[in-house]
Amino acid sequence: MGLKAAATLALPLAWAVAAVLFAHTASRCAPVLLIRFLRYGGDLEHAKAKPLAQQISVGGLSVAAAWVLLLSACLVAWQPAWWKAVTVSLLAALIGVWWCARWFQKRLGGYTGDTLGASQQITEVLILLAWVAALR
């Protein structure tokens, strides 16, 4: 692929910055949702992260969701044409969290520290893919 062809496939810089910022913020909500709705699936007796909250309060979940909603609103206010990308990305993130929750529950009986990190990474990739797909 030549340099000209690669340049025509690239997203404009503003789209790319918005996508990365949104994916970074929204994907961090995935582990919070999993902690809130799943139980710890590891061995509590030998867990390295015993101080980790076994449950996130509704208030804690609300704060995480508020950051995502605030950023969503700011992005759409700044560039109204991005409403589709924001909506599709949020839907992709929710599907990713749902899939992770089902998989972790089935395989481990809940979440562990490693699965929380994996869920964040999975949802971040899904958000970025959905953002690009929606803007194309």
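If you read the sequence from its start, that first residue is 1, and numbering goes on from there. Every value quoted in this text rests on a predicted model; they were computed, and no experiment measured them.
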Are Ser72 and Val76 close enough, and set up right, to give a side chain to side chain contact (heavy atoms under 4.5 Å, CB included), and what steps lead you there?
CA-CA 6 Å; Ser72 299; Val76 171; 5.6 Å; no
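- Contact between Ala30 and Val97 at its shortest, heavy atoms only, is CB-CG2, 3.5 Å.
- The side-chain heavy atoms of Leu108 and Thr115, taken from C-beta on, include a pair separated by under 4.5 Å.
- Going from atom CD1 of Ile35 over to atom CD1 of Ile56 covers 4.5 Å, rounded to the nearest 0.5 Å.
- Side-chain heavy atoms closer than 4.5 Å link hydrophobic residues (I, L, V, M, F, W, Y) into clusters, and following such links, possibly through other members, connects Trp99 to Phe37.
- Tyr111 and Tyr40 have perpendicular rings, their planes meeting at more than 60° on a 0 to 90° scale where under 30° would count as parallel.
- In this structure, Cys100 SG and Leu126 CG are separated by 8.0 Å, a value rounded to the nearest 0.5 Å.
- Hydrophobic clustering of Ile, Leu, Val, Met, Phe, Trp and Tyr side chains at less than 4.5 Å, counting indirect connections, unites Val86 with Trp83.
- When all heavy atoms of Gly60 and Val32 are compared, the pair lying nearest together is O-CG1, 4.4 Å.
- Once rounded to the nearest 0.5 Å, the distance linking OG1 of Thr112 with CZ of Arg107 reads 12.5 Å.
- Residues Ala23 and Ser27 approach most closely at O-OG, 2.8 Å, considering heavy atoms.
- Atoms CD and NE2, from Glu124 and His24 in turn, are 7.5 Å apart once rounded to the nearest 0.5 Å.
- In terms of hydrophobic clustering, with Ile, Leu, Val, Met, Phe, Trp and Tyr side chains grouped at heavy-atom distances under 4.5 Å, Ile95 and Ile127 are assigned to different clusters.
- Listed here is the closest heavy atom pair of Gly96 and Thr123: C-CG2, 4.1 Å.
- One finds the CG atom of Leu116 at 11.0 Å from the CG atom of Leu33 (value rounded to the nearest 0.5 Å).
- Val20 and Val125 end up in different hydrophobic clusters when Ile, Leu, Val, Met, Phe, Trp and Tyr side chains are linked at under 4.5 Å.
- For Val68 against Ala26, the heavy-atom pair with the smallest separation is CG2-CA, 3.7 Å.
- From Ser89, atom OG reaches atom CG of Leu135 across 8.0 Å, with rounding to the nearest 0.5 Å.
- Pro31 and Gln120 make their closest contact through CG-CB, 4.0 Å (heavy atoms, listed as atom of the first residue, atom of the second, distance).
- Under the 4.5 Å side-chain heavy-atom criterion for ILVMFWY residues, no single connected hydrophobic cluster contains both Val88 and Val132.
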